[in-house]
Each structure stands twice: as C-alpha cells, then as structure tokens.
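Accompanying notes for the structure given below.
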Amino acid sequence: MGRGKLRIYLGAAPGVGKTYAMLSEAHRRVERGTDCVVAFVEHHDRPRTEVMLHGLEQVPRREIDHRGGTFTEMDLDAVLARRPQVALVDELAHTNVPGSRNAKRWQDVEELLAAGVDVISTVNIQHLESLGDIVESITGVRQQETVPDEVVRRADQVELVDMSPEALRRRMAHGNIYRPDKVDAALSNYFRPGNLIALRELALLWVADRVDAYLTRYRSDHRVSAIWGSRERIVVGLTGGPEGRTLIRRAARLAEKGAGGEVLAVYIARSDGLTSASPKELAMQRTLVEDLGGTFHHVVGDDIPAALLAFARGVNATQIVLGSSRRKTWQYVFGPGVGATVARESGPDLDVHIVTHGEVAKGRGLPVARGARLGRSRRAWGWLAGVAGPPALAALLSAVDLGLANDMLLFLALTVAAALLGGLLPALASAAVGSLLLNYFYTPPLHRWTIADPKNIVAIVIFVAVGAAVASVVDLAARRTHQAARLRAESEILSFLAGNVLRGETGLEELLERVRETFGMESAALLERAGDVEPWTCAGRVGQGRPVERPDQADVDVPVGDHMALALTGRVLPAEDRRVLAAFGAQAAVVLDRRRLREEADRARALAEGNRIRTALLAAVSHDLRTPLAGIKAAVSSLRSEDVEWSEEDRAELLEGIEEGADRLDHLVGNLLDMSRLQTGTVTPLIREIDLDEVAPMALGGVPEGSVVLDVPETLPMVDVDPGLLERAMANLVENAVKYSPSAAPVLVAASALADRVEVRVVDRGPGVPDEAKDRIFEPFQRYGDAPRGAGVGLGLAVARGFAEAMGGTLTTEDTPGGGLTMVLTLRAAGTRPEHLLPPEEPLAEPERQAS
C-alpha cells in the first residue's frame, strides 16, 4: 500500500475561504464516487458551514477531559479504522489537547498519509515555522501554533486561496469571520490593511517559490535547455573590479521592476587564475548582493563568455547585466571583448544590458594575456611570424645590402619575436627557415644550398642555437606562469571555501551546490558506506541530474577517505581539476562529520539533562518524599494500635499530622509532575480572560492565615491567562516567600497595571538573594543557601517561571528595598491577546465570493 497524497489550501489570513474551498472539493469528489469523510472540520454553529457539511460523512470526534473541561479532537484511531480514500482535516497547525496521541495535528495527518489515506487540509501562511519572525515583525504577534515548512513543501498539491484585503475586511465587518463583539478589535489590530497586504505578499511569494521549484525540476527532467521567462532572473557578471557594486545596484533596480525578481551575481575565474580581482573587493560585492536579497556564485571557466552564458541558461535567467569594458582602445585588436561576445551569442531569449560606469576605458591594470600559457590567437601570430616572417624579411633585405652580420641579427630578432609570441615550436620553425634563407641568399656561394666559408657555418649554427634557447626560455616561463596562476586561482577558491566551512557558514548541501556551480556540473552527491562490502548510501545531494547510487555511475568520482566518494554528473573533468575537487571532497567530509558530531552532542546533552533530572528525582524520592510518608505511616500505626488508649486531643494531633504530611506529599508530587510536563513540552495553556482577584485568593490556600497581605485593586484590567497555571505559579511564589520571610513580617502580594501588562509583585522581607544567584534559583532542584532537605525539592520557582512563560508572561526578581526579595510576575492584559490565542474559528466564504 502506497503513501497517501496531501493537498493543502493555503491562505494569507483567517477568512479568505480555505475551509469553504476544502468542503467544496469534498462535495465534488463525493459526486465522482470517491469515498470521502470529514475527519475534523469545526463549523462554530454557522449555518453556511453546516449546510456545506450536509451530505458528507463525519467521523465522530474523541472527547478528552483536561483541567476540568471536556474538549473534542479528531479521533485518529476511528479514521484509521474507517480507512476512507480521502479525509478532510482542517487547521493543519492546530495544537492538540494534552492527552491526545500526538502533540500537533500535522503529526496526525502524517499517520493518515502513512496509512495510505489521502488528506485535504488547510493552513495560513503565518503558521509556517520559518516565517514566524517575519510575521511577528509585521503584526506584532508571535505565532505559537506552527507547522514545519517541510510538511507543507512535501504536499503533493498546494493551492492558494486568495482574497483582497478590502474584501476580507468587508467580510469581517459583516460578521462572517469572528463574533460581532470581536470585530472592532480585530479590524483595528490584526486585520489592519497593512498587515493583510504584507501577509498576502508572503503567501504569494511562498507559492511562487514552490511553483518555481516545480518548474526547475520539470526542465531538468525533460532536458529543457531553452530559457522560459516565467520569472525575472538577472545575472550580474562580476570581474572583481570596483565597477561591480554599480552593476549589482543596477541589477537590483531592474529586479524591483518585475514581481518576484531575483539577482544572481556570478564571478567567473579562469582556471589559470588570469584575473585582476581583488579578494577584498569581491568580499564587499558579495556582502552587497546578499544585503540586497540576491545570491553570490563563484564559477571556474577558461572561456568567460561561454561560462557566463552557460550559467545564465542553467539558472533560467532572463537578463544579464555586464559593465562596459575597462580595456583601452588599442586592446580591442585582441578581440571584441566579453560584453560584445555575450551579447552576440546570447540569442533571442536572453537580454544583455551593458552598463556604463566610472572605470570605462581606464584599463584592466595588467595586460590581457599576462602569464598565459599562450592562447590560441597568440600561437597563431607566433606561427605567422615564424613561417611567413623570414621570407618577408628576405624580400625586404634583397633591396638593401647591410652585410651578413646585420642580416643575421635581423633574422635572429624575428626568431625572438616568434618565440615571444608563439613559444618553442614557432621559434624553431623561424630559426630553421631563417637559416636556410641566410644560406641561400647571403652566404657564398649565393643562390646555392652550400656554404664555402666554415666561419659562416659556425655563425648559422649559433643563430639556430640562440633562437632555440630563447624559444625554450619563453615557453618554460609561460608554463611556470600558467602553473603559478592556476595554483593562485585554486588557493583563492579553497581559502574562500575553507573560511566558510570553518566559520560554520556552509552546510553540506550548500557546499555540494558550490561544487556543482564551480565545475559546471548537473549534480553533485556525497556517497558513503559502512564497509567495503556494504551498499552505498547518499549523505547529501544537489542538482537535477540523474541520481547516482554508486561512484562508478558518475561522470566524475573522487574518493574521500576509505568509505566516502564525491560523485558528479554532467561532463568529464580534466585531470588537473581533480586536485581541487579532492579538496572539496575533504571539506564535504568535514562538514558531514561536524553535522553528525553536533547531532550527537545534542543527543548527549539531552541524555545528560535527563540523567540530571532523574538523579534529582531519585534524591527527592529518597528523602523529601519518604519523610512525609514515614510520618503518615507512624501516625496511622499509632492510631491503629490497640495497646494505647488515645485521648481526643492526641487523636486530633495525629490526624492533623497525617493531613499535613498528605498535603506536603500532594505539593511535592504536583511540582514533580509540573516539572515533568515543562521538560517534555506538553504544557498547553488554555487562555481566557479573567479577573486577577478571582485567582489570587485561591493561591493563598496553602500558607498560614495572616502570613500574606493581598493588595489586588478591583480596578485592574482583566488578564489573558490560564487560571489553573496562574494559580499554581502564584501559589509556588507565595509559599516560597512565606518560607523565607520572618513571621513578624508578612509577605505582600500586590498587583498594578502598566501599559498593556499587569504586574504581580510578591514581596518578602527575608535574607534576599545576591545578584549572581538570582538566575540560578529558577533552575530545577535548586535550593538557595542552607535550606534544609525537608524544605522541598527545589522545583517551585522553576515551575512558576515555566508556567508564566507558557502563558506569554515573564517572571523576574528584584531586591526588596530595606532587605528581602521581590518576585515580579508580568501578565498580558486582556484585549492584547495575540491572534494565535483566539478560538480557532475558520471563516466561511460566501459562494459568489469564493476565490479559486
């Protein structure tokens, strides 16, 4: 049985019609004969929603008792037992009530998909985990209910349900989203036009990125090389010169003119290192393009125009931005230049922008062919000078008689010129042709191939030897320069890579992507296996080429250690590139090892924390829990003894001791359970509006009468809290303060309003706590000072802070003026509750306004 398919209706905000679209799709599928059931859809007693639910089979929900209330959740076991073809599960990011099998609803959906059930669900863009900070900066609200991006990205279909902010606000005003008493607050806070516009843009861009990933995969699978201008992608060609910053800014302005425009800056280094690029300047340009929202890429290629065009077509670019040439006028004799070549060969589907700048025609700083291993055009000029030059010089000298010595010097100069231009072979050819012409035209007997004077033989031999020596020196210098320049290019790439890896800026996938781009490959993968006979597994892979399962299936494979290999597909690389590739492979192994070590460290840290908690629990059980148990057992044994006749006063005292021991056990066990819930992350506050004076008196039930003075004005605003968690937190704070405060100085519990917050101060007159220990007292199983073992297990303050933070509040400490410690509990005032704490009411769109 295969895995089920997931379809998600994505919206920018509550009220755009996701649930309506999901129910409409369910009716269409039922009409086609599909077995479709409603696993969970909340209608909130709305007539239109109830009408849409008619005709659809609904799986009964599961009832869960929690903190004195009864809640309903999706009955996952019932849906799995029913095993429909399609299940409707609303609100993918919903947090389940404690007591459910899974903490989040998306985990329930994963179980349904694993069982082969197709699921249709809904989610808002603000609930995506990666967008939490962005949404908070826009709306001022931190979303607590989130779903991992990968869950949504793995969906087989994601459909955007869109609605303009004006239409959404009208629906809100008509009461189609929230109850009438909440409309004004919603319109003036979360549903402000600016918030809705920004959230709508986030949703559109997220869906556009997903569609772009689909398009890239399709083009790769179908080998589409032509550029499809579905989205503006602007490639900026950088040379490392100071004009690069001008080009990047110009490209950014072009990208802003098109929706979803993207800037990709690429620096192409020759494999022989022929570049005047400044590493400092490149670093500045990289920072600039990343600050403007673009990406920086480093590619190696000898033919810069071809490499630039290949990169642009590989990323499906629509425009290329280049700077006007910095070459001087006379340098154009060596060729038309990169800009003209790219413009000529770009084709009709790729626009090329040549941008002027302040460095135009100021020169490159170094000759174009400095240090080269003699390029193609240079060798052609060398052969022309070596073969055609001597006959031309002989024809010229035939009209002038300069003497044999001068004639030989001129032919020697021509040989040196051929050596400088073309290297060894053209110089040898020039020396051979020149010596024959000297013998035929200028040494007696003339116009014959013999030499009468032995001195002339020596002169011609020396002439040939000098020409060959000069040519050898020039060729050797070119080779050494080529090697040095190539090593320089390799060192720049490797130092840049190593710096990123050492700083932790590069993950395995990013490093493999860098390898793929640098060598112009289709895909790159790091393969590994446990032993020599074990099968290969893929530790990481990027690119869209054919999948590689073994190194021998790749076009290029480089072993990394004994049981790893870097495999690339696309083309066969020359042997000289494998040295750099091996260094990339070694760095990839380092990144992989570091990632695994980090994961092991996290696991070890979690195990160490668990061991610490268990050790503390054992210590608590061994003493703090056994002490009241021993007292209770002794009192009960005494009461049951038939040998002693107890008076009414004695019996009352023993019963009182039993009651106090039981209360102490209840308090200790409650703190242990609360700490366990906090450690496992299962504390889910049920927020509602309540007056503080309703909760505060109940928090004083565990302390002696008269030990606390309560000052909670009736004029305080209501607070958004979980009453049970707040009572527990305040009780722990008060009990801790009473424990350390002198009996003659009662503890003061005072509350006051401050802006959109309400502060509760628990003030004691005890010994206080030094500044260096104020944070430590909130750690689990910590007792300050010489507190006796019977004073508790040291969980009260830790539980209080954990509950406060779970409700969106804070708990801090201050010194009490005149001596003592003040606990400051800050709570959120009613009316400022974040949207994620509102009841999960999904809107219902009207049929005639439903967006597709």
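As the structure is a computational prediction, the values presented were derived from the model and not from experiment.
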Could you pull out the closest heavy-atom pair between [X] and [Y], with the gap in Å?
{"X": "Val387", "Y": "Val433", "answer": "O-CG1, 4.4 Å"}
{"X": "Ala394", "Y": "Leu437", "answer": "CB-CD1, 4.1 Å"}
{"X": "Trp536", "Y": "Glu549", "answer": "CB-O, 3.3 Å"}
{"X": "Ala388", "Y": "Pro391", "answer": "O-CD, 3.4 Å"}
{"X": "Gly434", "Y": "Phe411", "answer": "CA-CD2, 3.8 Å"}
{"X": "Arg529", "Y": "Pro535", "answer": "CB-O, 3.4 Å"}

Within-4.5 Å side-chain heavy-atom neighbours: [X] and [Y]:
{"X": "Met284", "Y": "Thr287", "answer": "no"}
{"X": "Thr341", "Y": "Ile304", "answer": "no"}
{"X": "Glu522", "Y": "Asp555", "answer": "no"}
{"X": "Ile248", "Y": "Leu238", "answer": "yes"}
{"X": "Asp149", "Y": "Trp206", "answer": "yes"}
{"X": "Ile234", "Y": "His353", "answer": "no"}
{"X": "Val558", "Y": "Phe584", "answer": "no"}

(message) Please determine whether side chain to side chain contact (heavy atoms under 4.5 Å, CB included) holds for the pair Leu568 and Val548, giving the CA-CA distance in whole Å, both sets of side-chain angles, and the decisive distance to 0.1 Å.
(response) CA-CA 8 Å; Leu568 293 88; Val548 176; over 6 Å; no

(message) Under the criterion side chain to side chain contact (heavy atoms under 4.5 Å, CB included), I'd like the reasoning laid out for Gln285 against Val236: C-alpha separation, chi angles, the key distance, then a yes or no.
(response) CA-CA 11 Å; Gln285 293 174 14; Val236 185; over 6 Å; no

Excluding sequence neighbours, so at least two apart, what forms salt bridge (Lys or Arg N to Asp or Glu O under 4.0 Å) with [X]?
{"X": "Arg249", "value": "none"}
{"X": "Glu290", "value": "Arg286"}
{"X": "Arg595", "value": "Glu509"}

(request) Identify which one of Val321, Val263, Leu308 satisfies the side-chain contact (heavy atoms from CB on, under 4.5 Å) criterion when paired with Val235. (result) Leu308

Inter-residue atom distance [X].[atom1] - [Y].[atom2], 0.5 Å rounding:
{"X": "Arg550", "Y": "Leu527", "atom1": "CZ", "atom2": "CG", "answer": "10.5 Å"}
{"X": "His563", "Y": "Thr537", "atom1": "NE2", "atom2": "OG1", "answer": "12.0 Å"}
{"X": "Ile268", "Y": "His298", "atom1": "CD1", "atom2": "NE2", "answer": "9.5 Å"}
{"X": "Leu350", "Y": "Ile320", "atom1": "CG", "atom2": "CD1", "answer": "4.0 Å"}

(message) What I want to check is whether the side chains of Thr356 and Ser324 have a donor and an acceptor closer together than 3.5 Å.
(response)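 No.
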
(message) Does atom CD (Gln553) have a neighbourhood of more than 12 heavy atoms from anything else shown, all under 6.0 Å?
(response) yes

Expected output: side-chain [X] to main-chain [Y] donor-acceptor under 3.5 Å:
{"X": "Arg313", "Y": "Ser346", "answer": "yes"}
{"X": "Thr295", "Y": "Leu264", "answer": "no"}
{"X": "Arg516", "Y": "Met521", "answer": "yes"}

